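To start, the structure itself, in structure tokens.
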There are 2 protein chains.
Amino acid sequence: MSPPEKGAPTTRTTRQRTAIEALLADTSSFTSAQHLHARLSAQGSSVGLSTVYRTLQAMADAGEVDVLRQGDGEALYRRCSPAHHHHLVCRECGRTVEVEGRDVEAWAVRVAQTHGFTDPTHDIEVFGTCPDCSR
Amino acid sequence: MSPPEKGAPTTRTTRQRTAIEALLADTSSFTSAQHLHARLSAQGSSVGLSTVYRTLQAMADAGEVDVLRQGDGEALYRRCSPAHHHHLVCRECGRTVEVEGRDVEAWAVRVAQTHGFTDPTHDIEVFGTCPDCSR
DNA sequence: CTTTGTGCAAAGGCTTTGCATGCTT
DNA sequence: AAGCATGCAAAGCCTTTGCACAAAG
């Protein structure tokens, strides 16, 4: 079927890819592909919208960014640390804080086991209004 | 602007609404609007797709069904109990179990407070393979 | 009789894909 | 030179909306 899959699929260093990664590195809140595309254009380093989508998708697959599905169908992305973690997101400005949740991890596993579900996974996000926005 | 809003916004009893509620009551897994529409047609009690969407949305607003955003942008619905709860969803067949999470609720609140975030809310879903599917 | 619900078809918004060209290796 | 990456435009998908008609209260 498919050739003997080896490690990481080649990722070339292009101006676009670099620009996207750089911008993402400077952003601490969740952003949409479209917004990112707009910022890149405004900033001069214009990149095709499809490229933004493709790159973001690739990074998500590689675990380099976290994806959050908004209620309106728009996907939000944010760079993230490699370790497993959860987010505390400000519902006003989108600012994000990565938090750990050993307790929650354990809870999730326990819940799954209790019902005989194997191979547990979970999606957890906490929302709130951050200090700056509630002022 | 708007008239003095009183209690519940009138919900009329129509054949369509009844059919949707009935089908939902018989389903214990998350379903998409389109799938629901197809099942209704197949079952004879055909209902317009827009009506399905509108009804589902109304029920979601009323807290009669839970909404789950799939990665591909399709929304999944499922009837639910009025009390606050979370879901344990089988990633194979979609079967769902409602679970409580006092511990998690507390954790979420604590996490928010720790970072000065007010008015905490959360989205939590646990996935796994159910007994029947892992067999 | 008045008001809300329904259908159909068209519009919308985000995302994906086909294909020819340019750039990285 | 060989192959992935990029752009543009078109296509896809799910969902929402406008409007005229039917049904509920």
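All values reported here derive from a predicted model rather than from experimental measurement. Residue numbers start from 1 in every chain, and the chains themselves are labelled A, B, ... in the order their sequence lines are given, proteins ahead of strands.
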Under 3.5 Å donor-acceptor, His37(B) side chain and Val47(B) backbone:
yes

Does a side chain donor of either Thr55(B) or Gln16(B) reach within less than 3.5 Å of an acceptor in the other side chain?
no

If we ignore angles and hydrogens, is there a donor and acceptor under 3.5 Å between the side chains of Gln43(B) and Ser45(B)?
yes

Start and end of chain A contact along DNA chain D [non-hydrogen atoms, under 4.0 Å]:
dG3(D) to dA9(D)

Report the C-alpha separation of His122(A) and Val104(A) in whole Å, then their side-chain angles, then the decisive distance to 0.1 Å, and conclude whether the side-chain contact (heavy atoms from CB on, under 4.5 Å) test is met.
CA-CA 10 Å; His122(A) 55 260; Val104(A) 192; 5.7 Å; no

For residues Val89(A) and Leu68(A), report the shortest heavy-atom separation together with the two atoms involved.
CG2-CD2, 4.5 Å

Tightest non-hydrogen contact, residues Leu49(A) and Ala33(A), listed as CD1-O, 4.4 Å

State, to the nearest 10°, the angle formed by the axis through the first five base pairs of the helix from dC1(C)-dG25(D) to dT25(C)-dA1(D) and the axis through its last five.
40°

To the nearest angstrom, the CZ-C1' distance between Arg69(B) and dC14(C) comes to 12 Å

Separation of Glu74(B) atom CD from dC14(C) atom C1', in whole Å?
15 Å

Close approaches to DNA chain D from residues 15-35 of chain A, in residue order (heavy atom, under 4.0 Å):
Arg15(A), Gln16(A), Arg17(A)

Separation of Arg12(B) atom CZ from dT4(C) atom C1', in whole Å?
4 Å

For Glu74(A), which residues count as a salt bridge (Lys or Arg N to Asp or Glu O under 4.0 Å) partner, sequence neighbours excluded?
none

By nearest heavy atom, map Ala75(B) and Thr14(B) onto DNA chain D; which one lands nearer the 5' end?
Ala75(B)

Do any of residues 40-65 of chain B sit with a heavy atom less than 4.0 Å from DNA chain D, and if so which?
Ser50(B), Tyr53(B), Arg54(B), Gln57(B)

Could you check His85(A), Arg78(A), His86(A) and say which one makes a side chain to side chain donor-acceptor pair (under 3.5 Å) with Asp66(A)?
His85(A)

Can a donor-acceptor pair be found between the side chains of Thr129(B) and Arg91(B) at a distance below 3.5 Å?
yes

For the student: nearest non-hydrogen atoms of Val65(A) and Leu56(A), plus distance
CG2-O, 4.0 Å

Test: Arg110(B) and Asp103(A) ion pair at under 4.0 Å:
yes

Glu125(B) and Arg69(B) ion-paired at < 4.0 Å:
no

Only counting residues at least two apart or in another chain, list the ones meeting salt bridge (Lys or Arg N to Asp or Glu O under 4.0 Å) with Arg95(B).
Asp132(B)

